Amino acid sequence: KNQVEQSPQSLIILEGKNCTLQCNYTVSPFSNLRWYKQDTGRGPVSLTIMTFSENTKSNGRYTATLDADTKQSSLHITASQLSDSASYICVVSAGRGSTLGRLYFGRGTQLTVWP
Amino acid sequence: DTEVTQTPKHLVMGMTNKKSLKCEQHMGHRAMYWYKQKAKKPPELMFVYSYEKLSINESVPSRFSPECPNSSLLNLHLHALQPEDSALYLCASGRTSGRANEQFFGPGTRLTVL
């Protein structure tokens with residue numbers, strides 16, 4: 001069964017600190033993995049997208065890693081800011097080679113950054 | 001233009017009303033999607049259009065009726081909804097080649113059914 005599991009479910013950190021969010025998946029065949037940031041009541045915004053051959057990708061203070069062998073990904077946030085408070089969703093795309101390939105969503109990690 | 005727009009941002013309707021949600025993109029994408037998202041849950045796929053034709057209907061009740069008038073527009077017509085249909089409705093679009101399956105989401109329409 002194609003699933004995406006994220007941990008932790010929620011996380012509270014102080015402003016300026018770093019944190020790492022985890023994603024494990026069983027989606028097969030694999031096409032790509034993305035991390036989205038979703039503010040409450042808003043649509044998801046893409047942070048990174050990685051294919052099978054990519055191990056690390058950065059976008060400003062966000063760095064995502066992918067281990068396709070163990071089917072694990074992480075999202076590292078450095079020097080957190082209050083505006084980083086949001087839900088971070090791991091999404092895995094099935095590799096059927098079609099634009100209609102399904103996206104499998106994790107339930108998200110709710111990050112709260114305190115001043 | 002690299003964004004997906006949705007209108008209205010908020011919608012409150014009664015169970016007997018008829019309303020429509022609208023989605024627009026000008027990125028030349030040929031795949032468009034409707035998702036429903038309840039609070040603290042991941043988005044759930046409802047419909048997929050490819051080249052203006054409905055290709056996937058995830059067993060959505062007929063009180064939701066999608067329409068794709070052209071490659072840039074996607075509508076969701078609502079009729080006789082139930083209170084449990086209250087949710088954030090997200091539209092997304094995707095390309096047909098290159099990074100297949102990369103989807104760009106709109107900001108969503110917050111729907112409340114009274």
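Numbered from 1 within each chain, the chains take letters A, B, ... in sequence-line order. On a predicted model such as this, the values are computed, not experimentally measured, just so you know.
Taking CG from Leu90(B) and CZ from Arg42(A), the interatomic distance works out to 10.5 Å, rounded to the nearest 0.5 Å. The OG1 atom of Thr40(A) sits 9.0 Å away from atom CZ of Arg110(B), with the distance rounded to the nearest 0.5 Å. Taking CD from Gln103(B) and OH from Tyr36(A), the interatomic distance works out to 6.0 Å, rounded to the nearest 0.5 Å.
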Determine, step by step, whether Tyr35(B) and Leu103(A) satisfy the side chain to side chain contact (heavy atoms under 4.5 Å, CB included) criterion, reporting the C-alpha distance in whole Å, the side-chain angles of both residues, the deciding distance to 0.1 Å, and the verdict.
CA-CA 11 Å; Tyr35(B) 289 86; Leu103(A) 298 187; 3.8 Å; yes
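Within a 6.0 Å radius of NZ in Lys38(B), other residues, nucleotides and ligands contribute more than 12 heavy atoms. Under a cut-off of 6.0 angstrom, the local environment of CD in Gln82(B) is crowded, with over 12 non-hydrogen atoms contributed by other residues, nucleotides or ligands. Within 6.0 Å of atom NZ in Lys19(B), 12 or fewer heavy atoms from other residues, nucleotides or ligands are found, so the atom counts as exposed in its surroundings.
The shortest non-hydrogen separation linking Gly106(A) to Pro42(B) is O-CB, 3.4 Å. Contact detail for Phe105(B) and Pro44(A): the closest heavy-atom pair is CB-O, 3.5 Å.
With sequence neighbours excluded, the residues forming a side chain to side chain donor-acceptor pair (under 3.5 Å) with Asp67(A) are Thr70(A), listed by chain and number.
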Check: residues 108-115 of chain A side-chain donor-acceptor pairs under 3.5 Å, at least two apart:
unit_1: Thr109(A); atom_1: OG1; unit_2: Pro8(A); atom_2: O; d: 2.5
unit_1: Gln110(A); atom_1: NE2; unit_2: Ala86(A); atom_2: O; d: 3.4

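Of all the listed residues (Lys40(B), Glu58(B), Glu44(B), Gln6(B)), the one sharing the greatest number of non-hydrogen pairs under 4.5 Å with chain A is Glu58(B).
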